[in-house]
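In what follows, chains carry the letters A, B, and so on, assigned in the order in which the sequence lines appear, proteins first and then strands, with residues in each chain numbered from 1. Since the structure is predicted, the reported quantities are computational estimates derived from the model, not experimental observations.
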Amino acid sequence: MSATSDRLQTIVSNVKKASILKALERGVRLDNRKPDEYRPLSITLGYAKKADGSALVKLGDTMVLAGTKLEMDEPFPDTPNQGNLMVNVELLPLAYETFEPGPPDENAIELARVVDRSLRDSKAVDLSKLVIIPGKKVWSLWVDVYVLDFAGNVMDASTIAAVAAIYNTKLPKVEVNGEEVKVLTERTDVTPLAYPVVTLTAAKIGNFVVIDPNLEEESIADAKLSISYTPDMRIVGIQKSLGGAIKLEEIPQIEEVTRKAASRLFSELKNTFGIA
Amino acid sequence: MLAAQQRPRLIDERGLRTDGRRPDELRPIRIELGVLKNADGSAIFEMGNTKVIAAVYGPKEMHPRHMALPDRTVLRVRYHMTPFSTDERKNPAPSRREIELSKVIREALESAILTELFPRATIDVFMEVLQADAGTRLVSLMAASMALADAGIPMRDLIAGVAVGKADEVLVLDLNEAEDMWGGADMPIAMMPSLNKVVLFQLNGTMTPEELRQALELAKKGIAEIYQLEKKAIKEKFVEVS
Amino acid sequence: MRGQSEFVFPGDEIGIIEELLSGEGTYEEDGVVRAAVVGTTFVDMIYRKGNVITNRRPGFTALKKAKFVYFQVEQVKEDSAVGTIIGIEDRPVSSHLSAYIHISQIVNRRVERITDYLKPGDVVKAKPLGFTLPVPLTIKQPDLGVVLAKCSICGGDMVQIDEEHLRCTVCKNVETRKLPEARRRGS
């Protein structure tokens, strides 16, 4: 059962909310960003050495660590020529004062499913590359995204972390003898990532729209709209969240802003680690 | 059902879909209000073969007290599928999908219900999918909206929604199961039509930005049609009782 | 501006804020007054309020037009008797509905000890004074008061012996309560 909760609502006082709105009227945000600007982004590949692939992502103060693990499995009966992709997201208790330990709650589940859909529907993860013996043996790619510091917009940070971790994953070399598969310690230089995907989240605060909301902006936002893109600017996912409504005509307007921001983000990713 | 399926043709030479509909045609809709005695409000909403029953209890006092909100109502919303609603039996334990959809539906209802009117109280909304044939989250949300109207719980507007998708690259309104499974996109969208405001909006699959704009236009038309049917069903119920 | 006795749905425009205020069953947003429930319009030209009338009373909104409620005392504090509403007129209430009777709402004279009039476990016929949680109640009116009491010594059923006294059917203990006045013959 999903219940209204006060999780973030009370952290911003009315005085603070008024100053956020006042700044937006002048076209700036309290951290001096422009409305369509995202926070400083840093990506460290291979951060968790025992993972098959990993990436530590910092987006402003938000910090997310994603790690992948490959396991040999049988394919699902209705997809004999595809490997498997599983995405899990955890909002760790150490990420925010009021987070409790326990199984993923609806927020973590929503995050995981949106990231999964972005990767899957865009075909950014090429599941056919994960086949070892067609119909018999495939790789299951487990992507676990762990939110370490919850400081606003973990959605976008989680997508970048998942993509970077998958990019950092190199499939092991295998020896196939009929039905027997021997996994070697050496790695191929094949990554399951065909191309990156990004998610851009816009927050609607009153009549204003800001990209990559920080924690305070997120806690006073009426609604959020997260849109995922491929490098050729196809939209591969949309998720509206929070309990406020958006006017129908605002949607194409917001999409234009997120698309431009996506384009800039792809350029940055290309510079950072050559994927685009 | 588990064998690998061949992707069927979704639009035929005459431009008609697998169930004979034109691309901008809705499935038959059937709405019934006040179907349960115990609930404060209830409704059954059918769209094609998708059938959902919704019940509303409240407003009532929130327990445990520490979870109550000082300035508004807590909405407790549960979207759930019966095990026999799908072709393969669905395990009755809440799946990750049901958890995500319960949240998405709750957030849609938060936009509509005037929760400031009942602080420290709770309103429970339960939706049970009896038959699943694509569009279950929207049918559930609309069933809930009808149940809330039946109960007399104050809202900003009724909610009407529809899923727009791509069948063989043609934008189609109100996806059926085949189009949901094999089509290129699935965009559920729900609105408060009198206010022109969107309360639920998702996309899985792929669309170009241009297709997105066309899909929103198509959805708007479908939603306007459904809205009229909702009002008709409400009027029939309320006038019949008095 | 909408006319009288029109059938409206939530979201339907009733009028604009310059012509009408938002009354019962309506809400105002962006300068427009709209219906919030399914019902019929009632435009109050005297107070210039737009209302939508419905006969639906979900949950505890049934308190709004209730002539009386049945309240069970759970705890007697220094300044109030606290408990839950167990019935609204003839409708039972299934979940807990917090309510209280303030010491000043028992009788029209100074009360030294609430327990002279109300004790834990009593079921009381009371009238709501408001619709916030917890619900404030009164039993001042003559037709209101304790309708069911258990003996505080042995727990036995008590019966009325005069205007203010009850006697236990088991141990014969006599106690005072605020009791509803007996109905006059013929009314």
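- Between G152(B) and V37(C) the shortest heavy-atom distance is O-CG1, 3.5 Å.
- Within the 4.5 Å cutoff, side-chain heavy atoms of K235(B) are placed close to those of F7(C).
- For P119(B), the part lying under 4.5 angstrom from a heavy atom of chain C is the backbone only.
- Per-residue counts of heavy-atom pairs under 4.5 Å with chain B were compared for V93(C), L97(C), T54(C); the largest is that of L97(C).
- G11(C) and S194(B) make their closest contact through O-CB, 3.6 Å (heavy atoms, listed as atom of the first residue, atom of the second, distance).
- The OG1 atom of T61(C) sits 11.0 Å away from atom CG of L117(B), with the distance rounded to the nearest 0.5 Å.
- The 12-atom threshold is not exceeded at CE of M67(B), counting heavy atoms of other residues, nucleotides or ligands nearer than 6.0 Å.
- The environment of CD in Q4(C) is crowded: more than 12 heavy-atom neighbours from other residues, nucleotides or ligands sit within 6.0 Å.
- Around the NZ atom of K49(C), the shell of radius 6.0 Å holds no more than 12 heavy atoms that belong to other residues, nucleotides or ligands.
- Atom CZ of F238(B) and atom OG1 of T40(C) lie 10.5 Å apart (nearest 0.5 Å).
- To the nearest 0.5 Å, atom CG of residue L133(C) and atom CE of residue M62(B) are 12.0 Å apart.
- Considering every non-hydrogen atom in both G58(B) and P58(C), the closest pair reads O-CB, 3.2 Å.
- E89(C) CD: more than 12 foreign heavy atoms inside a 6.0 Å radius.
- Neither the backbone nor the side chain of A112(B) comes within contact range of chain C; no heavy atom of the residue lies under 4.5 Å from a heavy atom of that chain.
- Y27(C) places no side-chain N or O within donor-acceptor distance of the main-chain N or O of L114(B), the cut-off being under 3.5 Å.
- Residues satisfying the side-chain contact (heavy atoms from CB on, under 4.5 Å) test with I113(B), not counting sequence neighbours, are L75(B), L109(B), T115(B), I123(B), L148(B), I153(B), M155(B).
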### Task
Go through E29(C) and R156(B) one step at a time and tell me if the side-chain contact (heavy atoms from CB on, under 4.5 Å) criterion holds.
CA-CA 9 Å; E29(C) 218 162 85; R156(B) 295 186 166 79; 2.9 Å; yes
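- A 6.0 Å sphere centred on CZ of R167(C) holds no more than 12 heavy atoms belonging to other residues, nucleotides or ligands.
- The CZ atom of R65(B) sits 4.0 Å away from the OG atom of S98(C) when rounded to the nearest 0.5 Å.
- Rounding to the nearest 0.5 Å gives a distance of 5.5 Å between NE2 of H63(B) and NE2 of H96(C).
- For R56(C) and D40(B), the salt-bridge test fails: no basic side-chain N is under 4.0 Å from an acidic carboxylate O.
- Sorted by first and then second residue, the side-chain hydrogen bond (donor to acceptor under 3.5 Å, both in side chains) pairs with a member in residues 8-21 of chain C read K231(B)-D12(C); sequence neighbours excluded.
- For the pair K237(B) and V38(C), the minimum side-chain heavy-atom distance is 4.5 Å or more.
- By the neighbour-count criterion of 12 heavy atoms within 6.0 Å, atom CZ of R213(B) is densely surrounded, having more than that number from other residues, nucleotides or ligands.
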